[in-house]
Amino acid sequence: MSAVPVDVAALRAWIGAFAADVAEHQEELTRLDSAIGDADHGANLARGMRAVVAALDSEKPSTAGALLKRTGMTLVSTVGGASGPLYGTFFLRMGTAAGEVETLDAAAFGAALRAGVGGIVARGKAELGDKTMYDALAPAADAYDAAGDDLGAALRAASEAADRGRDATVPLQARKGRASYLGERSVGHQDPGATSSALLLAAAARTLG
Ligand code: ADP
Ligand code: MG
């Protein structure tokens with residue numbers, strides 16, 4: 001069992017690290033979305049995460065559930081396009097699963113992660129291989145669960161699985177979202193949402209493990 005559970009400060013650090021990573025990779029995300037979408041994923045998510053960081057700084061939520069739900073609500077209200085409601089639902093469901101507690105152990109964090117991924121499916125109806133963020137997030141949740149109850153090891157396994165899932169979107173033909181309008185022309189490009197989701201898991205491995 002991991003000795004140090006995930007507390008509210010650690011979750012805040014995770015969200016802050018993801019916001020910084022999205023800002024750093026904004027142009028890459030935009031370039032990927034310009035190939036198979038409308039070139040707004042980097043700007044969308046960077047704007048949303050700036051708003052999230054500002055909201056968390058002013059409100060200072062005191063429980064895991066409150067922090068994650070504030071993150072989700074802010075993304076839903078500030079990010080247009082597909083990814084705002086999808087990431088928003090991810091964090092809202094994570095927050096509901098986490099509950100009004102100050103710490104999450106490895107199992108509780110895994111259950112919250114799983115609930116968040118379930119929210120993305122409930123909202124976007126993606127299946128594995130549709131070339132979406134789900135192709136990075138679903139293997140990440142599976143790897144987390146398979147890794148056992150050491151938080152750091154589980155998060156590293158999840159991040160590595162997300163990276164592999166992101167890379168595996170390249171040869172796929174998109175079946176959801178804007179990229180699906182391109183049909184076969186979506187083949188050969190990395191999915192922008194899977195790319196930002198891999199950043200989210202990498203930030204978790206750095207800050208929570
Ligand atoms: P939009 O496509 O509306 O411009 P973004 O560019 O911000 O929104 O986000 C695009 C990403 O959203 C895609 O790369 C894909 O990963 C994800 N996405 C789109 N539709 C779905 C869906 N139905 N389920 C899961 N993810 C989706
Ligand atoms: Mg877009």
Side-chain angles (χ1 to χ4, degrees), residues 15 18-53 71-94 97 112-143 158-159 161-204:
I15 300 299
F18 178 52
D21 291 352
V22 167
E24 192 186 324
H25 291 266
Q26 182 174 336
E27 270 145 45
E28 179 195 351
L29 295 171
T30 292
R31 181 174 52 73
L32 294 171
D33 196 34
S34 71
I36 57 170
D38 56 355
D40 64 353
H41 188 58
N44 273 345
L45 204 51
R47 184 179 60 250
M49 290 309 299
R50 275 198 304 275
V52 166
V53 166
T71 299
M73 285 187 285
T74 305
L75 288 175
V76 168
S77 63
T78 58
V79 182
S83 66
L86 290 165
Y87 274 121
T89 304
F90 172 83
F91 284 109
L92 284 168
R93 293 278 184 106
M94 253 197 114
L113 181 65
R114 174 71 62 191
V117 176
I120 285 182
V121 175
R123 184 105 204 185
K125 309 279 183 275
E127 293 176 20
L128 270 182
D130 281 353
K131 196 180 181 97
T132 72
M133 56 178 68
Y134 183 63
D135 288 326
L137 292 169
D142 290 345
S159 175
D163 285 353
R164 286 192 298 274
R166 171 203 63 204
D167 294 347
T169 63
V170 174
L172 296 173
Q173 178 172 333
R175 289 193 295 245
K176 285 285 182 303
R178 265 177 211 285
S180 67
Y181 308 158
L182 292 178
E184 285 176 7
R185 283 183 292 138
S186 64
V187 171
H189 300 281
Q190 185 173 303
D191 180 61
T195 306
S196 56
S197 288
L199 293 176
L200 180 66
L201 271 300

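Only a predicted model underlies this, so the values are computations on that prediction, with no experimental measurement involved. Counting starts at 1 for both ligands and their atoms, in listed order.
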Any donor-acceptor N/O pair, Asp135 side chain to Gly129 backbone, under 3.5 Å: yes
Whether Lys131 side chain and Ala179 backbone form a donor-acceptor pair below 3.5 Å: no
Atom nearest to the Mg ion (ligand 2) - Asp40, N, O or S atoms considered: OD1
Phe91 and Phe18 aromatic ring geometry - parallel, tilted or perpendicular at 30°/60° bounds: tilted
Atom 12 (O) of ligand 1 - nearest protein heavy atom and its distance: Met133 CE, 4.0 Å
Enumerated ligand 1 atoms positioned under 4.0 Å from heavy atoms of Asn44: 7 (O)
Arg164 backbone acceptor or donor facing Asp167 side chain under 3.5 Å: no
Which N, O or S atom of Asp33 lies nearest to the Mg ion (ligand 2), by name: OD2
Any donor-acceptor pair under 3.5 Å from Ser34 side chain to Arg31 backbone: yes
Within-cut-off N or O pair, Ser83 and ligand 1, under 3.5 Å: yes
Which residue and heavy atom of the protein sit nearest atom 20 (N) of ligand 1, plus the separation: Gly177 CA, 3.6 Å
Close approach, Lys125 and ligand 1, non-hydrogen under 4.0 angstrom: no
Nearest heavy atoms of Ala161 and Pro139, plus distance in Å: CB-O, 3.5 Å
Atoms in ligand 1 flagged as close to Asp33, the criterion being non-hydrogen separation under 4.0 Å: 6 (O)
Asp38: its N/O/S atom lying closest to the Mg ion (ligand 2) (atom name): OD1
Thr89 and Ile120: CA distance, side-chain angles, deciding distance, side chain to side chain contact (heavy atoms under 4.5 Å, CB included) verdict: CA-CA 6 Å; Thr89 304; Ile120 285 182; 5.6 Å; no
Under-4.0 Å heavy-atom contact with ligand 1, by part of Asp38 that carries it: side chain
Check: His41 main-chain N/O paired with Asp33 side-chain donor or acceptor under 3.5 Å: yes
Of the listed options Glu127, His41, Arg123, closest to atom 5 (P) of ligand 1 (non-hydrogen atoms): His41
Among Ala39, Gly37, Ala82, Ala126, closest by any non-hydrogen atom to atom 19 (C) of ligand 1: Ala82
Heavy-atom nearest option to atom 22 (C) of ligand 1, drawn from Ser186, Gly124, Ala136: Gly124
Atoms of ligand 1, numbered as shown, that sit under 4.0 Å from any heavy atom of Gly193: 13 (C), 14 (O), 16 (O)
Ligand 1 versus Leu86: contacting region, heavy-atom distance under 4.0 Å: side chain
Side-chain heavy atoms of Leu113 within contact of Phe90, under 4.5 Å: yes
Side chain to side chain, Arg166 and Asp191, heavy atoms closer than 4.5 Å: no
N/O separation below 3.5 Å, Arg178 to ligand 1: yes
Gly80-ligand 1 polar pair, N/O distance under 3.5 Å: no
Nearest neighbour in protein (non-hydrogen) for atom 14 (O) of ligand 1: Asp191 OD1, 2.6 Å
Asn44 side-chain N/O to Val79 backbone N/O, donor-acceptor pair under 3.5 Å: no
Derivation of the side chain to side chain donor-acceptor pair (under 3.5 Å) call for Tyr87 and Ser197: CA-CA 9 Å; Tyr87 274 121; Ser197 288; 2.8 Å; yes
Subset of ligand 1 atoms that lie under 4.0 Å from at least one heavy atom of Asp40: 4 (O), 5 (P), 6 (O)
Pro192 touching ligand 1 at heavy-atom level, < 4.0 angstrom: yes
